[in-house]
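Reviewing the structure listed below.
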Amino acid sequence: MRHAILGAGGVGLALGAALARAGHEVVLVMRESSRTRYRGVIDVHSRLHGDLSAEARAVERLDEPVDVLWVTVKAPALPAALARVAPRLTPDSVVPLLNGLDHPRALRERFGARQLVGAILIEAERTAPGRVTWNSLYADISLATTAAGTGTDARTVAGRGEGTEARDAEGTEARDAEGTEARDGERRLARLAGLLAGAGLGCTPRRDPASVLWHKLVLLLPLALATTAADGPLGIVRRRPELAALLRDAAREACAVAAADTVIVDDRNLLHTLDTLPGRTDTSLHRDVTAGVRPTELAALTEPVLRRARDHGVSVPALAELARRAAEQERRVEPPAPHRSIHRKGETS
């Protein structure tokens with residue numbers, strides 16, 4: 001299969017290398033500044049997995065057919081990145097691996113039912129164009145289809161009497177279309193799960209798109225805010241009792257907002273995960289803030305959660321306080337002059 005990776009940052013490079021090593025054709029969509037320094041080979045450095053190299057072409061604009069388009073940019077870079085994908089292209093599957101909650105709607109408007117919803121758990125950092133350090137033992141991708149399913153269309157039960165036959169026919173057509181869309185989505189999901197397993201990557205299919213996004217976000221958001229506020233990895237957070245308490249409270253609050261948004265996450269399991277992660281665990285938000293990368297994904301991570309908390313009447317004082325401290329740290333770090341208002345590492349995830 002032919003895969004395009006839109007965003008050759010840490011996640012995109014690690015994913016591209018795994019797919020290429022499994023025999024798939026991979027093309028990286030890079031900005032010109034990165035492509036001119038890329039030598040045509042993805043180099044992965046990992047103490048846990050071993051070093052590997054894989055050939056992959058690079059282009060500045062995607063105007064060739066592909067089977068799967070993986071979107072691995074960060075949220076602030078998404079509009080500019082999509083502008084470098086030819087409008088006429090219709091990949092069979094479009095898989096965004098962005099953090100946050102708001103991006104699926106924009107992508108579905110562009111790609112329709114071909115878009116799935118995805119999330120990846122991995123710790124990978126791009127060190128140069130085509131070079132990535134993979135720091136985590138894990139690389140797990142969760143996927144769900146965005147198909148509407150085959151539920152009863154509201155228009156078929158809105159009323160009876162004159163026009164009932166027309167409404168019944170319209171409702172039947174809508175259900176048939178939804179059923180076809182659902183079957184196509186399941187087909188895409190099964191094929192992607194198989195190819196990811198063949199590439200040595202974990203894959204968890206889920207039935208609910210919101211569940212895919214929330215199960216990652218309840219872990220990532222408190223961790224990203226706390227490491228950024230502490231200006232250090234998780235071990236530094238743990239050495240500061242007040243900050244460690246805020247981290248745990250924020251995790252519980254994130255689970256409460258998810259529950260109000262109809263996604264149930266066991267906060268006890270989440271806290272256990274936070275307690276057992278290695279002290280060296282860091283986040284790309286903290287690294288980007290420290291490096292002066294602007295804009296960061298701070299707003300994309302925090303604003304949708306805080307907005308949903310307000311809408312559902314969920315109190316989130318710990319999340320709000322960590323978000324305030326992270327924003328303060330972001331303001332404190334002056335971006336290096338050559339990189340102001342750009343993504344230092346390209347379009348990373």
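Along the sequence shown, the residues carry numbers beginning at 1.
In terms of heavy-atom proximity, Pro76 sits nearest to Thr296 at CG-O, 3.2 Å. Minimum interatomic distance between Arg84 and Val29 (heavy atoms only, all atoms of both residues): NH1-CG1, 3.3 Å. Residues Ala254 and Leu319 share a closest heavy-atom pair of N-CD1, 3.9 Å. When all heavy atoms of Gly16 and Ile42 are compared, the pair lying nearest together is C-CD1, 3.9 Å. The shortest heavy-atom contact between Arg206 and Ser142 is NE-OG, 3.9 Å. Scanning all heavy atoms of the two residues, the minimum distance from Ala251 to Leu271 falls at CB-CD2, 4.1 Å.
A side-chain contact (heavy atoms from CB on, under 4.5 Å) with Leu322 is found for exactly one of Leu221, Leu243, Thr227, Thr228, namely Leu243.
If you take CG on Leu48 and CD on Glu123, they are separated by 10.0 Å, rounding to the nearest 0.5 Å. Interatomic distance, CZ of Arg239 versus CG of Leu234, reported as 10.0 Å (0.5 Å rounding). Atom SG of Cys255 sits about 10.5 Å away from atom CG of Leu217, to the nearest 0.5 Å.
For the pair Lys74 (side chain) and Leu98 (backbone), a donor-acceptor distance under 3.5 Å is absent.
Centroid-to-centroid, the aromatic rings of His45 and Trp134 stay 6.0 Å apart or farther.
Leu137 and Leu219 fall into different hydrophobic clusters, defined by Ile, Leu, Val, Met, Phe, Trp and Tyr side-chain heavy atoms under 4.5 Å apart, directly or through other members. Leu121 and Val132 fall into different hydrophobic clusters, where Ile, Leu, Val, Met, Phe, Trp and Tyr are joined by side-chain heavy atoms under 4.5 Å apart, directly or via other members. A continuous path of Ile, Leu, Val, Met, Phe, Trp and Tyr side chains, each step under 4.5 Å between heavy atoms, connects Val26 with Leu195, placing both in one hydrophobic cluster. The hydrophobic clustering, which links ILVMFWY residues whose side-chain heavy atoms are closer than 4.5 Å, places Val218 and Leu143 apart.
Enclosure of atom CD in Glu55 is not indicated, since only 12 or fewer non-hydrogen atoms of other residues, nucleotides or ligands lie within 6.0 angstrom.
Judged by distance alone, the side chains of Arg114 and Ser93 never bring a donor and an acceptor atom under 3.5 Å apart. Side-chain contact of Thr180 with Arg183: a donor-acceptor pair under 3.5 Å is present, judged by distance alone.
A salt bridge does not link Arg324 to Glu330: none of the charged side-chain nitrogens sits closer than 4.0 Å to a carboxylate oxygen.
With sequence neighbours left out, His24 forms a ring pair (Phe, Tyr, Trp, His ring centres under 6.0 Å) with His3.
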